[in-house]
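Side chains included, hydrogens not; waters and symmetry mates left out as well; all remaining heavy atoms used. Whatever order the structure lists them in is the order used to number ligands and atoms, beginning at 1. Nothing fancy with the numbering, it's 1 onward along the sequence. It should be emphasised that the depicted structure is a prediction, and the values quoted were computed from it without experimental measurement.
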Amino acid sequence: MVEWTDAERSAIVGLWGKINVNEIGPQALSRVLIVYPWTRRYFGAFGELSSVAVVLANRKVATHGRVVLNALDVAVRDLDNIKSAYSHLSSLHRYQLHVDPANFRLLADCLTIVIATKFGAAFSSDVQSTWHKFMAVVIAALGSRYF
Ligand code: HEG
């Protein structure tokens, strides 16, 4: 059971409140596909993903980036129940999508970089520390059906 202090809760909710899912979601997912090109194998249904320009212009990538961030919104709003909230998503990624769970961390890292780029000094090391904890809990929850 994860424990959150009031300061951690308000740091996560505060940061999340400034995030535009429609902007950050597509940036984070396209970054994963560009920096870690082997992750493109999971998105065969998204069409052409063979170059940086094509990934950035792919509408399905943008849409799915929003889907992923909207799923994170569920976690932000239910910080005490992230594991159960993600139990179905974890099964889906394991049994139907066959996503190696190591990729969850890659997405978290890209998302953190996109957020840092967007918010600059406002994304202080203190805020990052709490954000990192949040993403670690999300990653563990998404991996919970793998083990
Ligand atoms: Mg996953 C579908 C969330 C990481 C590959 N992902 C989905 C869906 C959600 C989701 C909500 C839609 C589920 C549905 O249709 O019911 N994904 C999600 C989160 C995170 C994540 C919250 C990490 C924070 N996903 C992730 C990673 C990969 C991946 C790292 C692969 C590298 N997801 C993936 C694929 C699909 C989804 C291939 C199906 C996409 C489609 O065909 O529309």
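- Side-chain atoms of N58 come within 3.5 Å of backbone N or O of F46 as a donor-acceptor pair.
- Taking the six-membered ring where the residue is Trp, F134 and W4 present tilted rings, their angle falling between 30° and 60°.
- Panel note: side chain S129, backbone S125; no donor-acceptor pair is recorded below 3.5 Å.
- Applying the 4.0 Å criterion to heavy atoms of V67 picks out, from ligand 1, the atoms 8 (C), 9 (C), 11 (C), 12 (C).
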Show the numbers, then the answer: is there a salt bridge (charged side-chain N to carboxylate O under 4.0 Å, His left out) between D80 and R9? CA-CA 10 Å; D80 297 311; R9 288 175 197 275; 3.1 Å; yes
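- Closer than 4.0 Å to atom 15 (O) of ligand 1 lies none of the heavy atoms of the protein.
- Under the 3.5 Å distance criterion, the side-chain polar atoms of D78 are left unmatched by any main-chain donor or acceptor of V74.
- In terms of protein heavy-atom proximity, atom 30 (C) of ligand 1 is nearest to N103 O, 3.3 Å.
- Both F119 and V76 are assigned to one and the same hydrophobic cluster, defined by single-linkage of ILVMFWY side chains at heavy-atom distances under 4.5 Å.
- Taking atom 5 (C) of ligand 1 as the reference point, the nearest protein heavy-atom neighbour is F43 CZ, 3.4 Å.
- Using modelled atom types, one side-chain atom of R40 and one backbone atom of L33 make a donor-acceptor pair closer than 3.5 Å.
- Of the heavy atoms in A71, only side-chain atoms (C-beta onward) come closer than 4.0 Å to ligand 1.
- Proximity of a side-chain donor or acceptor of S90 to a complementary backbone N or O of Y86 within less than 3.5 Å is not detected.
- Nearest heavy-atom pair, I12 versus T130, reported as atom, atom and distance to 0.1 Å: CG1-CG2, 3.7 Å.
- Under the 3.5 Å distance criterion, the side-chain polar atoms of H132 are left unmatched by any main-chain donor or acceptor of Q128.
- Nearest protein heavy-atom contact of atom 19 (C) of ligand 1 is V68 CG1, 3.6 Å.
- With ligand atoms numbered from 1 in the order given, ligand 1 contributes 41 (C), 42 (O), 43 (O) to contacts under 4.0 Å with heavy atoms of F46.
- Looking at L142 against ligand 1, only its side chain comes within 4.0 Å, counting heavy atoms.
- The protein atom (non-hydrogen) at minimum distance from atom 32 (C) of ligand 1 is Y42 CD1, 3.6 Å.
- Contact annotation for L89 and ligand 1: only side-chain heavy atoms (C-beta onward) come within less than 4.0 Å of the ligand.
- If you look at L97 next to ligand 1, the close heavy atoms, those under 4.0 Å, all belong to the side chain.
- Remark: minimum distance from atom 7 (C) of ligand 1 to any protein heavy atom is reached at H64 CE1, 3.3 Å.
- For atom 33 (N) of ligand 1, the choice among R105, H93, Q96 with the nearest heavy atom turns out to be H93.
- Protein heavy atom at the shortest distance from atom 28 (C) of ligand 1 is V99 CG1, 3.9 Å.
- Under 4.0 angstrom from ligand 1, the non-hydrogen atoms of L92 all belong to its side chain.
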